[in-house]
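Comments concern the structure below.
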Amino acid sequence: MRSNLDTSSLKYSMKESRQYYDAIQKMWDEFAKVNYQSEVYQTKEFLKGKTSLNSIELDELGKFVKGKSLLHLQCHFGLDTLSWARQGAKVTGVDISGKAINLARQLAKNAKIEATFVESNIYDLPKNLDEKYDIVFTSYGVLCWLNDLKRWAEIIAQFLKLGGIFYIAEFHRFIWVFDWDDPNDFVLKNNYFHDPEPIGYTVSGSFADGNKTTEKLDGYEWSHSLSDVINSIISAGLQIKFFNEFSKAPFQRFPFLKKSVDGYWRYDHSEIQLPLVFTLMAKKEE
Ligand SMILES: C[S@@+](CC[C@H](N)C(=O)[O-])C[C@H]1O[C@@H](n2cnc3c(N)ncnc32)[C@H](O)[C@@H]1O
């Protein structure tokens with residue numbers, strides 16, 4: 001299997017990628033405002049006490065969080081961060097979007113939950129945060145905005161205490177390979193493996209914004225193969241405890257997915273299941 005982790009991703013310096021991060025930040029500033037109000041994110045239900053966490057991460061990570069310090073990377077406007085606080089964690093959320101962080105602080109106040117929120121690009125976090133955590137958590141729609149997974153994993157390792165755990169639940173990159181406009185006609189669209197140059201596009205709203213209500217925004221995404229994710233964690237010195245793949249997703253990331261009675265979205269086929277989500281837990285051994 002081809003893995004670009006130690007070659008192409010490193011050729012791409014942070015300096016060169018700043019222009020992309022400025023655009024990504026602008027996009028998420030706009031999306032944060034719309035997502036906060038959207039049906040998909042269910043902010044009102046959260047304020048009435050509903051958790052935003054899914055059974056996948058609750059089953060795999062839930063038992064570890066009570067009384068622990070938890071750093072949530074790419075926390076958006078803080079729903080999951082604050083849901084982990086309701087599970088007993090002492091939480092800190094980080095996001096590149098200042099608008100998302102302001103909304104997160106407001107949400108914490110409205111929900112009467114104690115939490116710290118930090119506006120920062122993950123790659124700048126060592127300059128902006130000086131603590132170590134029992135748990136580093138990140139989930140659903142995070143890796144595609146990052147150009148360098150090797151550095152990402154080093155930063156995760158840096159913020160973990162000895163004995164601390166890293167957990168990720170993320171959409172599986174496999175399905176991005178195809179153009180899903182017509183689910184009966186599988187046309188190849190994107191490279192599964194990492195390219196240093198991001199895929200660029202223009203959007204007028206997030207996946208949660210059905211009516212696409214924002215101004216036209218530039219988006220940039222990078223693909224990362226599973227071997228890149230796993231090898232970056234290993235290279236950073238963390239011990240992988242488990243790696244799982246799921247044929248269900250908590251959000252309808254593609255129109256062809258159908259909602260099942262358990263609330264998860266699946267590829268509707270009698271025999272074929274597609275990998276839609278993966279999870280990984282790793283430990284910083286003492
Ligand atoms: C899909 S959202 C977060 C996922 C979360 N599960 C959710 O849906 O609320 C992706 C988040 O990543 C943030 N982000 C993108 N690139 C980032 C970076 N380099 N550093 C920190 N946050 C970043 C965006 O601002 C956005 O809030």
Side-chain angles (χ1 to χ4, degrees), residues 9 12 14-43 45-46 51-54 56-58 61 70-84 91-105 107 115 117-129 136-156 159 167-171 173 176 198 203 205-209 214 217-222 224 249-253 265 277-279:
S9 69
Y12 207 76
M14 270 313 290
K15 196 162 169 250
E16 288 166 308
S17 57
R18 287 290 161 188
Q19 52 172 322
Y20 298 124
Y21 284 111
D22 288 348
I24 288 168
Q25 178 181 355
K26 182 164 191 262
M27 190 177 89
W28 281 103
D29 275 347
E30 293 304 313
F31 286 2
K33 290 182 273 181
V34 182
N35 289 355
Y36 189 91
Q37 308 287 351
S38 75
E39 303 249 322
V40 173
Y41 276 86
Q42 300 197 336
T43 311
E45 285 77 359
F46 167 81
T51 183
S52 63
L53 300 165
N54 305 287
I56 291 178
E57 57 270 24
L58 281 170
L61 182 65
L70 182 148
L71 176 64
H72 181 187
L73 299 178
Q74 294 176 255
C75 68
H76 202 31
F77 60 85
L79 278 179
D80 286 358
T81 328
L82 298 172
S83 291
W84 283 123
V91 296
T92 301
V94 172
D95 202 280
I96 197 172
S97 160
K99 292 266 168 25
I101 289 297
N102 286 344
L103 287 168
R105 288 181 183 138
L107 191 62
F117 287 101
V118 179
E119 178 186 339
S120 176
N121 188 327
I122 284 185
Y123 295 111
D124 297 329
L125 204 52
K127 284 187 277 176
N128 296 329
L129 195 60
V136 175
F137 167 79
T138 196
S139 74
Y140 305 114
V142 285
L143 297 182
C144 62
W145 314 110
L146 306 177
N147 70 310
D148 185 344
L149 284 200
K150 193 164 188 288
R151 184 68 194 126
W152 165 78
E154 285 167 3
I155 289 167
I156 289 165
F159 280 99
Y167 178 84
I168 179 170
E170 175 60 304
F171 296 115
R173 199 69 203 177
W176 261 268
V203 282
S206 80
F207 80 102
D209 178 13
T214 69
L217 299 160
D218 291 329
Y220 297 97
E221 292 188 28
W222 290 269
H224 301 286
F251 305 104
Q252 189 188 23
R253 290 301 280 114
W265 299 82
V277 160
F278 75 86
T279 62

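Below, all heavy atoms of this structure are taken into account, side chains as well, without hydrogens, waters or symmetry copies. Numbering of ligands and ligand atoms starts at 1, following listing order.
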Taking only residues two or more places apart in sequence, or in another chain, which ones meet [X] in a ring-ring contact (aromatic ring centres under 6.0 Å, His included)?
| X | value |
| --- | --- |
| Phe278 | Phe243 |
| His76 | Trp28, Tyr41 |
| Trp265 | none |

Would you mind listing each N/O atom of ligand 1 next to any protein N/O under 3.5 Å, plus the distance?
from     : atom 1 : to     : atom 2 : distance (Å)
ligand 1 : 6 (N)  : Ser139 : O      : 2.9
ligand 1 : 6 (N)  : Tyr140 : O      : 3.3
ligand 1 : 8 (O)  : Tyr41  : OH     : 2.8
ligand 1 : 12 (O) : Gln74  : NE2    : 3.2
ligand 1 : 19 (N) : Asn121 : OD1    : 2.9
ligand 1 : 20 (N) : Ile122 : N      : 2.9
ligand 1 : 22 (N) : Ile96  : N      : 3.1
ligand 1 : 25 (O) : Asp95  : OD1    : 2.5
ligand 1 : 27 (O) : His76  : ND1    : 2.9
ligand 1 : 27 (O) : Asp95  : OD1    : 3.3
ligand 1 : 27 (O) : Asp95  : OD2    : 2.7

Would you say the ring centers of Tyr21 and Trp222 fall short of 6.0 Å from each other?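 Here the rings of Trp222 and Tyr21 have centres that are less than 6.0 Å from each other.
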Got a salt bridge between Arg173 and Glu221, using NZ or NE/NH1/NH2 to carboxylate O under 4.0 Å?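 Looking at Arg173 and Glu221, the cut-off is met.
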Donor-acceptor pair, distance only, cut-off 3.5 Å: does the side chain of Thr81 make one with the backbone of Gly93?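 Side chain of Thr81 to backbone of Gly93: no pair is present.
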